[in-house]
Structures are given as structure tokens and as C-alpha cells.
Amino acid sequence: MASWTKLRRLMLRHFSESRWYTIVLITLIYALMSWSLLSAAGEQALISQVEFVYWLAVTASTVGYGDLSPVTTAGKVIVALFVIPVGLSIFAMVIGRIAAWVSDQWKKGLTGMKTLHINNHILVIGWNEKKTMLLLDLLLKERADLAVKPDIVLCVKADINNPLPGQIEFIHVESFNNDNDMDRACVADAGVILIDNPSDDVTLTTALYCTKRNPDAHQVAYFSDDSLVSLLQTHCPNVECTPSVAVEMLAKSVFDPGSSMLHHDLISVDAGQAQFSVALPEDCDTLTVGQLFINMKKHYDAIFIGFAPGGVYKNMVVNPDSAVTVSANDTIFYIASARMTDIDWQKLGS
């Protein structure tokens, strides 16, 4: 009696959880018993290898093509009382398990508990409610013009669900400095890391951590307090720090009316002219600023405004002399109505 009780508890524990190996085991036992019973009933047409597997799958899933069926009385009774009822139960169990798995994956994605397996993505770290939503909207609009569209991943500590399911990936973490948490966001494989937190201290420590984990990523950090910019760049000179310029824009607009509207237009992706950048390819000949300024306007209706030697943004030169030269791997900045694609660099140098 004690042995039977232990066996019953063991079976209940495994079968109630409906694990995949349990379902496979049940299916194998079901198939073996069905074959044995049909063989004993004399159903020769149903028990050959290929026909049996085909017939059992069709019968258990209730498709019922009817091209194969039992011919003996005993076979019909076995199918009616065992094969069909048990097959339906197993089929329902499989469907339920698949539905539960799909639901669980969807829930994990919505709550940010999944582990991603992506690279060269845009990783946005931090949550500032409406500001972050506007940032994500702008990133999605900018990405729409790219031939290769990188994934956008939002990584937050805030207790929220994915604000844009189906459009971005979402990761919820306990800390921006925890390896296990940040590995779920694939921080070491990101192409761009954008950090914007309500607290500048968190932004600073996160930027230091991300630089350690992924020194090759293009990293951008936003600060409300300009004093922290120099501190971060002392330790991480390649991080592009973006301080708040709201006060500067107010002062500029006092003496140069319309300045704030001009800057808004240049960074907006909705309408009007916008500012873009592009790196000169490896095989590009040396060009003068004068050639770029004239030919970009002539052939692409774009305005050259400056360049960053070797792509080092802190060394950016705005409105350089026309005799200054730019070469391969330099990044140039320009104003245009849309991003330039398929640039003919030889034409720009003519």
C-alpha cells in the first residue's frame, strides 16, 4: 500500500506539471498501448509502421480523414473507448502546453524579464516618462530611413511594462551595474548606448560601467548638471556627453530672435531641414572643405557645416576654412531635408 501511495504521488507530481518530457513519455506509452491493442484485435492494416503513425496522428488530433479505419468489432471498440478519448486528452495537453509557453514568452517580453540574443542594437538606458517616449518615437522615425534597421532596446529600473510592444525590445533590471541584469540587454554587444536617467549620478555610474563592458560602442550620455560632463570625459573620453542647452537657447533667442526655432528645426525629424552625419569611406580620396561645400549643395541640395577628424567628436571643427582637407574615416556633418544615401564621393571631389 505504501509503495502504491509513493507511486501515485510521483505520477501526480510529474503529470500535473505537464513537462515536455512527461508529455513525450505519455505519448510513447499511448502509442505502444494502441499498437498492442490493435494488434491483438487483428487490425493488420493499421499496425504497419508508416500507416500506424499516420493513422494515430490523424485520429488523436480529431482530423479523421477516414482513409484508414478499424474493420474488426474489437478494433472499433478499442478505438472508441481508448484511442480517441486518450488521444484527445494528449492532444489537448500539447495544445495547452504550447499556449502556456507562448503566453509566458509574451508576458516576459511585456514585463522585461526575457533574455535577448541580439547585437549591434541601440540600447536606451533609463526612464523619464514622456521624455523617454519622445526619444523612442524619434529613434523609430530615424531608423525608418535606414537600409539596415537595428533593434531598439529600452532598459529600465522603473516598475513599468514595455511602452511600445512590437516596436522595441524591453528589459527590466534591478541595477544598471549588475552583470547578470545587463547581460539580458546584451550590453556588451550593443552598437550604440544612450543613457538618460532622472539622476545624473546614476547616469555617470552607468556610463562608467557601460564603457568597461563595451568600450567600442558609440555611447551618448545626457546630463542636467554640466559639471559632471568633464568628470566623465576625464575617465571616458570617447563618451559623447550632451548637457542641457535650454538656458543657452533662451539667452540666444533674446539677442538673435528665432534661434531656438532654428535649432528645433535642425534636430526635428518630422519636417523641415535636419542635421545629419556620415563617415567618409576607406577608399575616399582627400577632399577640401570648399569642394564639399559647393558640390554637396550642387548635387544633393545639402549644406556642409563641419567635420570630426577620424570620427572623434570632441575634436569637431565647425565652419572650417575652405582650404582645410578631410579624408577617409573623418565624419562630416551637413544640413539637408533628408539623409543622403548612395553618395558619389568622386562627384563631390570634382
Side-chain angles (χ1 to χ4, degrees), residues 101-129 131-223 232-233 235-242 269 277 279 311-313 331 339:
W101 182 84
V102 171
S103 176
D104 184 59
Q105 293 302 306
W106 177 83
K107 185 177 180 180
K108 283 184 176 180
L110 188 64
T111 58
M113 301 311 296
K114 287 178 62 177
T115 297
L116 302 180
H117 302 283
I118 56 178
N119 54 59
N120 292 324
H121 53 290
I122 301 172
L123 178 57
V124 179
I125 300 177
W127 177 249
N128 284 288
E129 299 182 351
K131 180 183 176 184
T132 304
M133 289 299 297
L134 175 60
L135 171 62
L136 294 172
D137 183 55
L138 293 173
L139 290 175
L140 289 169
K141 289 179 179 178
E142 287 275 11
R143 188 183 66 171
D145 295 331
L146 301 178
V148 179
K149 296 176 173 54
D151 291 305
I152 298 175
V153 179
L154 174 63
C155 181
V156 305
K157 293 194 296 184
D159 187 17
I160 62 170
N161 290 335
N162 188 342
L164 295 172
Q167 299 184 67
I168 66 169
E169 300 291 346
F170 179 68
I171 295 294
H172 181 273
V173 299
E174 295 299 324
S175 170
F176 294 136
N177 302 317
N178 182 278
D179 288 344
N180 292 330
D181 278 347
M182 297 306 290
D183 282 344
R184 293 196 294 112
C186 302
V187 65
D189 300 312
V192 179
I193 300 175
L194 196 160
I195 306 169
D196 181 15
N197 284 282
S199 170
D200 281 351
D201 291 340
V202 175
T203 298
L204 178 64
T205 56
T206 303
L208 292 169
Y209 172 81
C210 291
T211 300
K212 177 183 176 181
R213 291 295 311 277
N214 190 348
D216 296 326
H218 174 210
Q219 192 174 158
V220 183
Y222 175 85
F223 290 95
L232 176 59
Q233 290 188 328
H235 300 280
C236 307
N238 292 328
V239 176
E240 183 177 349
C241 298
T242 305
V269 296
S277 67
V312 180
Y313 305 111
T331 298
R339 189 182 302 275

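Hydrogens, waters and symmetry mates play no part in the numbers below; they use all other heavy atoms, side chains included.
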Report task. List the steps and the verdict of side chain to side chain contact (heavy atoms under 4.5 Å, CB included) for Val156 and Phe170. Result -> CA-CA 8 Å; Val156 305; Phe170 179 68; 3.6 Å; yes
**Report entry** Closest approach of Ser175 to Asp181 (non-hydrogen atoms, all atoms of both residues)
**Finding:** N-OD2, 3.4 Å
Query raised in the report: Mind checking whether Asn162 and Ile168 have side chains closer than 4.5 Å, heavy atoms only?
Result: yes
**Report entry** Value rounded to 0.5 Å, distance of CG in Leu134 from CG in Leu139
**Finding:** 9.5 Å
Query raised in the report: Asn128 side chain to Lys131 main-chain N or O, any donor-acceptor pair under 3.5 Å?
Result: no
Query raised in the report: So, Asp151 side chain and Glu169 main chain: donor-acceptor pair closer than 3.5 Å or not?
Result: no
Query raised in the report: Of the non-hydrogen atoms in Leu232 and Leu204, which two are nearest, and what is the gap between them?
Result: CB-CD1, 3.6 Å
Query raised in the report: How long is the gap from CD1 on Ile171 to CD1 on Ile125, to the nearest 0.5 Å?
Result: 11.5 Å
Query raised in the report: Can you tell if the side chain of Lys157 reaches within under 4.5 Å of the side chain of Val173, non-hydrogen atoms only?
Result: yes
Query raised in the report: Are the side chain of His121 and the backbone of Ala185 linked by a donor-acceptor contact shorter than 3.5 Å?
Result: yes
Requested in this report: Indicate whether any N or O donor in one side chain lies under 3.5 Å from an N or O acceptor in the other, for Asn178 and Tyr209.
Outcome: no
**Report entry** Validation row: Gln219, Ile195 side chains within 4.5 angstrom (heavy atoms)
**Finding:** yes
Report summary line: Here the gap from Thr132 atom OG1 to Ile160 atom CD1, rounded to the nearest 0.5 Å, amounts to 8.0 Å
Query raised in the report: Do you know which two heavy atoms are closest between Thr206 and Val202, and how far apart they sit?
Result: OG1-O, 2.6 Å
Query raised in the report: How far does CG of Leu154 sit from CG of Leu164, to the nearest 0.5 angstrom?
Result: 8.5 Å
Query - Side chain to side chain, Leu208 and Cys236, heavy atoms closer than 4.5 Å - result: yes
Query raised in the report: What heavy-atom pair brings Ile152 and Leu136 nearest, and what distance separates the two atoms?
Result: CG2-CD2, 4.2 Å
Requested in this report: Return yes when atom CD of Glu129 has more than 12 non-hydrogen atoms of other residues, nucleotides or ligands closer than 6.0 Å, and no otherwise.
Outcome: no
Query raised in the report: CD of Glu142 to CG of Asp137: how many Å apart, nearest 0.5 Å?
Result: 11.0 Å
Requested in this report: Would you check, one step at a time, whether the test side chain to side chain contact (heavy atoms under 4.5 Å, CB included) holds for Asn119 with Cys186?
Outcome: CA-CA 7 Å; Asn119 54 59; Cys186 302; over 6 Å; no
**Report entry** Sidechain-backbone polar pair: Arg213 side chain, Asn177 backbone, donor-acceptor under 3.5 Å
**Finding:** no
Report summary line: All heavy atoms of Tyr222 vs all of Thr203, minimum pair found to be O-CG2, 3.6 Å
**Report entry** Distance-minimising heavy-atom pair for Phe176 and Gly126
**Finding:** CZ-N, 4.0 Å
Report task. To the nearest 0.5 angstrom, please state how far the OG1 atom of Thr211 sits from the CD1 atom of Ile193. Result -> 7.5 Å
Query raised in the report: Distance-only, no hydrogens or angles: does the His172 side chain make a donor-acceptor pair with backbone N or O of Ala158 under 3.5 Å?
Result: yes
Query - Leu194 and Leu135, any side-chain heavy atoms less than 4.5 Å apart - result: yes
